[in-house]
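In what follows, a structure is listed as structure tokens, so that the remarks can point back to it.
Within every chain, numbering begins at 1; the chains are lettered A, B, ... in the order of the sequence lines, protein sequences first and strands thereafter. Keep in mind it's a predicted model, so treat the numbers as computed, not measured.
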Amino acid sequence: GEQVEQRPPHLSVREGDSAVITCTYTDPNSYYFFWYKQEPGASLQLLMKVFSSTEINEGQGFTVLLNKKDKRLSLNLTAAHPGDSAAYFCAVLRNTNTGKLTFGDGTVLTVKP
Amino acid sequence: DAGVTQTPRHEVAEKGQTIILKCEPVSGHNDLFWYRQTKIQGLELLSYFRSKSLMEDGGAFKDRFKAEMLNSSFSTLKIQPTEPKDSAVYLCASSLGWGGYEQYFGPGTRLTVL
């Protein structure tokens with residue numbers, strides 16, 4: 001079955017620095033890819049969904065890059081601020097006949113003032 | 001629109017008790033998921049329903065965990081009997097299902113088993 005490896009498990013940066021979280025997956029037939037954010041004590045919130053081949057998506061203060069050739073998904077927070085401190089999870093959907101996602105183990109990001 | 005709701009938000013149980021957690025998915029969603037989240041194990045899938053039919057029942061959890069979906073707008077997760085190692089946050093999520101739709105998560109139930 002699909003396996004998703006997320007790195008790093010913990011990341012600490014200074015305010016204004018960039019932070020990059022990367023996921024690699026094994027199944028080349030994977031179709032959809034997601035990033036979720038979980039603030040302390042809260043549930044998971046969707047940050048972004050991507051599905052095309054090599055693609056860059058920009059959100060509020062972050063960029064998501066998907067490289068299907070390398071089977072790699074990354075989340076880049078361009079200028080982190082303390083409000084970005086949270087756990088981040090990538091998730092992969094293998095095919096559209098199932099709604100089941102395969103999650104990475106998460107990255108705990110700490111942004112220090 | 002109401003999101004995924006879960007009750008109770010916190011539950012404290014004695015070892016050996018039976019507890020029932022409840023979830024209401026987003027109206028119109030076809031898929032419903034139960035997860036357990038701990039710091040050590042991360043997110044673990046307990047059960048997956050599509051249109052009320054059980055699609056997957058997490059193998060390691062079959063023993064004392066039973067999820068049911070009696071109608072499209074309500075699901076329960078029963079843990080019987082509870083053990084201290086069941087202490088975790090239990091998350092319910094729902095999605096439209098087909099076509100690569102994202103999952104929407106509820107606020108979770110924090111279970112503590114003494």
Side-chain angles (χ1 to χ4, degrees), chain A residues 1-10 21 23 25 27 29-53 55 57 59 64 66 68 73 86-108 110, chain B residues 3-7 9-10 21 23-26 28-59 67 69 75 88-110:
Chain A
E2 174 76 273
Q3 293 183 9
V4 178
E5 184 173 350
Q6 184 172 342
R7 289 284 181 267
H10 294 89
I21 303 169
C23 289
Y25 59 96
D27 191 338
N29 296 315
S30 296
Y31 278 94
Y32 288 86
F33 307 85
F34 306 83
W35 282 104
Y36 284 89
K37 177 182 180 181
Q38 185 177 32
E39 295 182 353
S43 193
L44 280 77
Q45 289 182 293
L46 180 71
L47 272 183
M48 185 167 283
K49 177 173 86 172
V50 295
F51 61 93
S52 296
S53 57
E55 177 174 344
N57 287 68
V64 170
L66 171 63
K68 281 196 166 184
L73 176 73
Y88 292 83
F89 295 87
C90 64
V92 176
L93 180 67
R94 187 174 178 275
N95 66 67
T96 55
N97 291 324
T98 176
K100 180 184 167 185
L101 298 178
T102 302
F103 284 87
D105 287 338
T107 296
V108 177
T110 303
Chain B
V4 178
T5 60
Q6 290 187 250
T7 55
R9 295 295 308 277
H10 302 273
L21 310 182
C23 173
E24 295 179 30
V26 175
H29 279 191
N30 297 299
D31 284 4
L32 185 137
F33 306 84
W34 283 99
Y35 295 93
R36 183 170 80 173
Q37 186 177 32
T38 61
K39 286 188 178 177
I40 295 174
Q41 299 291 339
L43 273 167
E44 300 172 284
L45 179 68
L46 301 175
S47 293
Y48 165 29
F49 292 89
R50 168 160 287 182
S51 302
K52 301 185 293 179
S53 297
L54 184 63
M55 303 297 289
E56 188 163 330
D57 204 351
M69 195 160 187
S75 177
V89 174
Y90 291 82
L91 294 169
C92 178
S94 71
S95 79
L96 281 168
W98 291 270
Y101 292 100
E102 59 271 26
Q103 292 181 17
Y104 293 84
F105 283 80
T109 295
R110 182 173 293 277

Specify which of A:Asp105, A:Leu101, A:Val108 makes the most heavy-atom pairs with chain B at under 4.5 Å. A:Leu101
Between A:Phe103 and B:Tyr35 the two heavy atoms that sit nearest each other are CE1-OH, 3.4 Å
Distance in Å, B:Phe33 CZ paired with A:Lys100 NZ, rounded so as to fall on 0.5 Å steps: 9.5 Å
With a 3.5 Å distance limit and no angle check, can you tell me whether B:Glu102 reaches the backbone of A:Leu47 through a side-chain donor-acceptor pair? no
Counting distance only, does the side-chain N/O of A:Ser43 pair as donor-acceptor with the main-chain N or O of B:Gly108 below 3.5 Å? no
Counting only heavy atoms not in B:Asp57 (residues, nucleotides, ligands), do more than 12 fall under 6.0 Å from its CG? yes
Whatever's closer than 4.5 Å to a heavy atom in chain B on A:Gln38 counts as side chain
Part of A:Leu44 within contact of chain B (heavy atom distance under 4.5 Å): both
Greater than 12 external heavy atoms within 6.0 Å of B:Glu56's CD: yes
Would you mind checking which part of B:Leu96 comes under 4.5 Å of any heavy atom in chain A, side chain (CB onward), backbone (N, CA, C, O), both or neither? neither
Here the pair of heavy atoms bringing B:Gln103 nearest to A:Tyr36 is O-OH, 2.8 Å
Interatomic distance, A:Leu46 atom CG to B:Ser95 atom OG [nearest 0.5 angstrom]: 11.5 Å
